[in-house]
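Because the structure is a prediction, the values reported are computed rather than measured. Proteins get letters first, then strands, A, B, ... in listed order; numbering begins at 1 in each.
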Protein chains: 2
Amino acid sequence: MDLQAKNLSAELSKRNIRPSYQRIKVLEYLIKNQFHPTADQIFTGLQGEIPTLSKSTIYNTLNTFIQSGLVRVLNIEDNETRYDIITESHGHFKCETCGAIFNFKINIDSFATEELKGFKVIDKNVYFKGVCPKCLLNINQGKNNRKENVL
Amino acid sequence: MDLQAKNLSAELSKRNIRPSYQRIKVLEYLIKNQFHPTADQIFTGLQGEIPTLSKSTIYNTLNTFIQSGLVRVLNIEDNETRYDIITESHGHFKCETCGAIFNFKINIDSFATEELKGFKVIDKNVYFKGVCPKCLLNINQGKNNRKENVL
DNA sequence: GTAAATATAATAATCATTACAAGTTTAAAC
DNA sequence: GTTTAAACTTGTAATGATTATTATATTTAC
Ligand SMILES: [Mn+2]
Ligand SMILES: [Mn+2]
Ligand SMILES: [Zn+2]
Ligand SMILES: [Zn+2]
C-alpha cells in the first residue's frame, strides 16, 4: 500500500468514505505503524500533527474503516481492542511478556468445515499467546523485559 | 464431569482451591450451563440460591479457576468475557444474530508451527463469527431473531 | 451562495472489571 | 474447645475503554 496522501484519499473515496484530513492521517498511521495499535496509541501518535484531534474522531474513524472492511479488529486482549490494516487472513501471536503482537501465516480455510456445515462464516480469527523468542532469551538470562509494544 | 457436590469439592481441593460454598456453586453452574456464560449470567443464575452473593465473588472465583486451569477464557466478544468449563482445545463460533456461541472440533496443533519456531505457545484460540443455521433459516423466512444466549 | 448533510470535537454517560476495606468463615495451633 | 492467623466474601469505590450526545465546523448539492 502506498503512503501518498493522494492515494490514501483515493483509497477512501473508492470505499465511499469521505477523505477528511483526520481520516487520511489515521489511515496513514495504520499503514506506517503495523504493530496492531490501540485507539489510544493512534490518538497519541497523531496528536502532534493534529493538535485539535479528538479521541472520538479516532473511534468514529476506526469504526467507519471497520464497516467498510478497510481495517480488521483484533480482540486478542481482554481490555483493549487492536486494529490491523492488513485484512488478508493471518494468525496473531501475542507475547504475554513484552506485549508485542506478531503475525503468522495460516491457512484458516483449510480446516473446520465439516462440523460448521450450515453455518455462514463471515469472520475467522486465530489467536495464540505465549512468549516471543526475544523474551525467552532475556528470561533465560535473568533479564526483565518491559511490557511495551515494540514489534 | 459429575455434578455431585462432593465431587466438585474434591475437584477444587485437588487443585488447591478451598471448596467454599460459593466456589462449588459457581463450578456447578459452569458445568450445568455450558453455553459460555458471562460473569453477569453466572451471578444472575446463582442469586436465587445465594441471596448474599456478590459479583466480586464471581470475578474472584473465576480468576481463581482460570489460574488453576479449571476454566478457559473466551475473548470472542469485544465487550464481555465469557467462560468455558471445557478446557480441551476446540474452536468457537459466535452467531452475530442470536449471540449463541457454538463449539466445534479443530486440530489447532496440526498447523502454524513453521513460522512460530522459537516462540513458546501457551494458549491457542480459534474464533469464528457469522450466522448459525437456525438464524439463517429465520432470516430467509423474514423472521427477526432476538439476540439472546440460548445454545 | 444557501441549505442540507456529514464530520469533528468536547464532554458526559455507560458498563465490565478491578481495587480496596471491613466483616466473616475456615483451619491450624495450643 | 478456645485462640489466632490466614483466607474468603461482600459492598462500595475506582478505573478505563468505548459509546452517546450535542454543539460547532465543514463539505456537498442545488
Ligand atoms: Mn496482523
Ligand atoms: Mn467451548
Ligand atoms: Zn516478547
Ligand atoms: Zn443464531
Nearest-Å distance, [atom1] ([X]) to [atom2] ([N])?
{"X": "A/Ile50", "N": "C/dA7", "atom1": "CD1", "atom2": "C1'", "value": "13 Å"}
{"X": "A/Tyr21", "N": "D/dT26", "atom1": "OH", "atom2": "P", "value": "14 Å"}
{"X": "B/Lys25", "N": "D/dT10", "atom1": "NZ", "atom2": "C1'", "value": "19 Å"}
{"X": "A/Asn75", "N": "C/dA16", "atom1": "CG", "atom2": "P", "value": "15 Å"}
{"X": "A/Gln22", "N": "C/dT6", "atom1": "CD", "atom2": "C1'", "value": "13 Å"}
{"X": "B/Asp78", "N": "C/dC15", "atom1": "CG", "atom2": "P", "value": "14 Å"}
{"X": "A/Glu77", "N": "C/dT17", "atom1": "CD", "atom2": "C1'", "value": "15 Å"}
{"X": "A/Ile58", "N": "D/dT19", "atom1": "CD1", "atom2": "C1'", "value": "15 Å"}

Next item on the list: Under 4.0 Å between any heavy atoms, over every strand shown, what does A/Asp40 touch: base, sugar-phosphate, or nothing? Just pick one.
Entry: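 Counting heavy atoms under 4.0 Å across all strands, no contact is made by A/Asp40.
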Notebook entry, point to check: Which residue lies toward the 5' end of DNA chain D, A/Ala39 or A/Asn60, if each is placed at its nearest nucleotide?
Noted result: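 Going by which nucleotide is closer to the 5' end, it is A/Ala39.
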Among [options], which nucleotide has an atom closest to any side-chain atom of [X]?
{"X": "B/Arg18", "options": "C/dA16, D/dA7, C/dA9", "result": "D/dA7"}
{"X": "A/Lys55", "options": "C/dA9, C/dT17, D/dT18", "result": "D/dT18"}
{"X": "A/Asn63", "options": "D/dT10, C/dA9, D/dT19", "result": "D/dT19"}
{"X": "A/Leu53", "options": "C/dT17, D/dT9, C/dA9", "result": "C/dA9"}

Next item on the list: Give me the ring orientation class for A/Tyr29 and A/Phe35: parallel if the planes are under 30° apart, tilted from 30 to 60°, perpendicular past 60°.
Entry: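 Correct class here is perpendicular.
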Next item on the list: Specify whether B/His36 and B/His90 have parallel, tilted or perpendicular ring planes, treating 30° as the upper limit for parallel and 60° as the lower limit for perpendicular.
Entry: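 Ring orientation, 0 to 90° scale: tilted.
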Are [X] and [N] close enough that a side-chain N or O sits under 4.0 Å from OP1 or OP2?
{"X": "A/Asn79", "N": "D/dG16", "value": "no"}
{"X": "A/Tyr59", "N": "D/dT18", "value": "yes"}
{"X": "A/Thr38", "N": "D/dA17", "value": "no"}
{"X": "A/Thr52", "N": "C/dA9", "value": "yes"}
{"X": "A/Thr81", "N": "D/dA17", "value": "no"}

Next item on the list: Assign each of B/Pro19 and B/Tyr83 to its nearest nucleotide of DNA chain C by heavy atoms, then name whichever residue's nucleotide is nearer the 5' end.
Entry: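 Nearest nucleotide further toward 5': that of B/Tyr83.
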Checklist line | Donor on one side chain, acceptor on other, A/Asn125 and A/Asp123, under 3.5 Å | finding: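 Yes, because at least one side-chain N or O of A/Asn125 sits under 3.5 Å from a partner of the opposite role on A/Asp123.
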Next item on the list: Report yes if some heavy atom in the side chain of A/Val71 is under 4.5 Å from a heavy atom in the side chain of A/Leu27; otherwise report no.
Entry: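 The answer is no; the side chains never approach within 4.5 Å.
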Notebook entry, point to check: Are A/Phe65 and A/Tyr83 close enough that their ring centres sit under 6.0 Å apart?
Noted result: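 Aromatic pair excluded; centres sit 6.0 Å or further apart.
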Checklist line | Validation row, ring centre A/Phe104 to ring centre B/Phe119 under 6.0 Å | finding: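 Between B/Phe119 and A/Phe104, which both carry aromatic rings, the centre distance is not below 6.0 Å.
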Checklist line | Donor-acceptor pair present, B/Ser56 side chain and D/dT12 base, under 3.5 Å | finding: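 Answer is yes: a donor-acceptor pair is held.
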